[in-house]
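See below for the structure under consideration.
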Amino acid sequence: MHPSAQRVVDAAAAQDLAIEVHEVPDGTRTAEDAARAVGVEVGQIVKSLVFSVSGETVLALVSGSNRLDEHALARAAGRDRTAVERLDAKAVRAATGFSIGGVPPFGHPTPLSTFVDRDLLRYGTLWAAAGTPRHVFSTTVEALVRITGATVTDLRDEK
């Protein structure tokens, strides 16, 4: 198993969650790619998006069928809506230990304030990145909220 995927498995196990990592040879760089690869609706894919909100690094777990409303993320974090910035690849790796396209919802060197898109509650099974753009795992929203200590909130951009 790829070392980054193993870190995700180990982080899940440390929280009493057993996950099975699946390798997708063609990669899952987009939610649509991931959904096709595992045979589910795009909405079941968890996009792990890393932002700075008033200087704090936060993680938004967003349904693959949604665009993130950055102002909603700022409100959820209790911060000024004008101080939201998507982090670049270098900052994402520094904050999470993983590259963009493979950022898992947990297993980061330091826990991040995490917000879960309420639309993910509609699905029994979710799929998320497991440390690389070629590795994914399935889980439930309940497990994600438990492991990450996330706040469930409305994050969908209505535009």
Side-chain angles (χ1 to χ4, degrees), residues 1-53 56-68 73 76-77 85-153 155-156:
M1 183 178 304
H2 190 280
S4 292
Q6 187 63 55
R7 285 188 2 233
V8 176
V9 169
D10 293 345
Q15 296 293 323
D16 295 321
L17 177 65
I19 62 171
E20 182 179 340
V21 172
H22 300 268
E23 184 170 357
V24 180
D26 292 333
T28 59
R29 290 212 177 263
T30 69
E32 292 79 9
D33 291 343
R36 272 192 302 277
V38 297
V40 298
E41 293 179 37
V42 174
Q44 290 175 261
I45 303 302
V46 178
K47 296 187 292 191
S48 296
L49 307 176
V50 186
F51 283 80
S52 172
V53 180
E56 178 188 4
T57 300
V58 302
L59 179 65
L61 303 178
V62 179
S63 171
S65 60
N66 291 348
R67 283 181 44 110
L68 173 70
L73 179 61
E85 178 183 353
R86 189 172 206 153
L87 297 183
D88 66 20
K90 184 177 178 181
V92 167
R93 182 178 277 286
T96 67
F98 300 93
S99 297
I100 290 175
V103 175
F106 51 81
H108 314 128
T110 304
L112 300 174
S113 293
T114 303
F115 302 90
V116 170
D117 182 355
R118 186 176 311 282
D119 285 352
L120 290 171
L121 297 174
R122 299 185 344 215
Y123 303 101
T125 302
L126 304 174
W127 287 83
T132 83
R134 291 188 345 268
H135 294 87
V136 294
F137 69 96
S138 66
T139 189
T140 64
V141 72
E142 293 83 8
L144 286 183
V145 169
R146 179 179 64 81
I147 287 177
T148 62
T151 300
V152 177
T153 188
L155 294 175
R156 176 181 49 193

Between atom [atom1] of [X] and atom [atom2] of [Y], what is the distance when rounded to the nearest 0.5 Å?
X      : Y     : atom1 : atom2 : result
Leu49  : Arg86 : CG    : CZ    : 5.0 Å
Asp119 : Gln44 : CG    : CD    : 13.0 Å
Leu68  : Ser63 : CG    : OG    : 11.5 Å
Glu142 : Leu17 : CD    : CG    : 11.5 Å
Asp117 : Lys47 : CG    : NZ    : 8.5 Å
His2   : Glu23 : NE2   : CD    : 9.0 Å

Side-chain heavy-atom pair [X], [Y] within 4.5 angstrom cut-off:
X      : Y      : answer
Leu126 : Leu144 : yes
Asn66  : Leu155 : no
Asp26  : Asp33  : no
Leu121 : Val152 : yes
Thr57  : Phe51  : no

Q: Please lay out, stage by stage, how Phe137 and Val8 fare under the test side chain to side chain contact (heavy atoms under 4.5 Å, CB included).
A: CA-CA 9 Å; Phe137 69 96; Val8 176; 4.1 Å; yes
Q. Do Val50 and Val58 pass the side chain to side chain contact (heavy atoms under 4.5 Å, CB included) test, and can you show the C-alpha distance, the side-chain angles, and the key distance before you say yes or no?
A. CA-CA 6 Å; Val50 186; Val58 302; over 6 Å; no
Q: Using the test side chain to side chain contact (heavy atoms under 4.5 Å, CB included), find all partners of Val42 that sit at least two apart in sequence or belong to another chain.
A: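 Partners of Val42 by the side chain to side chain contact (heavy atoms under 4.5 Å, CB included) criterion, ordered by chain and then number, come out as Ala31, Glu32, Ala35, Ser65.
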Q: Assess whether side chain to side chain contact (heavy atoms under 4.5 Å, CB included) is satisfied between Met1 and Val9, documenting all intermediate values.
A: CA-CA 10 Å; Met1 183 178 304; Val9 169; 3.9 Å; yes
Q) If only atom types and distance count, is the side chain of Ser99 paired as donor or acceptor with the main-chain N or O of Gly102 below 3.5 Å? A)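 Here the side-chain-to-backbone pair does not exist.
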(Q) Checking the side chain of Arg7 only, and the main-chain atoms of Gly97 only, is there a donor and an acceptor separated by less than 3.5 Å? (A)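 Judged by distance alone, yes, a pair lies under 3.5 Å.
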(Q) Applying side chain to side chain contact (heavy atoms under 4.5 Å, CB included) to Val21 and Val136, what does each step give before you reach the verdict? (A) CA-CA 6 Å; Val21 172; Val136 294; over 6 Å; no
Q) In terms of the angle between their ring planes, are His108 and Phe98 parallel, tilted or perpendicular, with boundaries placed at 30° and 60°? A)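 His108 and Phe98: perpendicular rings.
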Using every non-hydrogen atom in the two residues, find where [X] and [Y] come nearest and quote the distance to one decimal.
X      : Y      : value
Gly107 : Ala11  : CA-CB, 3.5 Å
Ala129 : Gly101 : CB-O, 4.2 Å
Leu120 : Leu61  : CD1-O, 3.6 Å
Asp88  : Ile100 : C-CD1, 4.3 Å
Pro104 : Leu59  : O-CD2, 4.4 Å
Thr153 : Ala76  : CG2-CB, 3.8 Å

Q. Has Arg146 got its NZ or CZ under 6.0 Å from the middle of the six-membered ring of Phe106, at an angle within 45 degrees of the ring axis?
A.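 That pair does not qualify as a cation-pi contact.
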Q) With distance as the sole criterion, is a donor-acceptor pair present between the side chains of Ser138 and Glu20 under 3.5 Å? A)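 Result is no, nothing qualifies.
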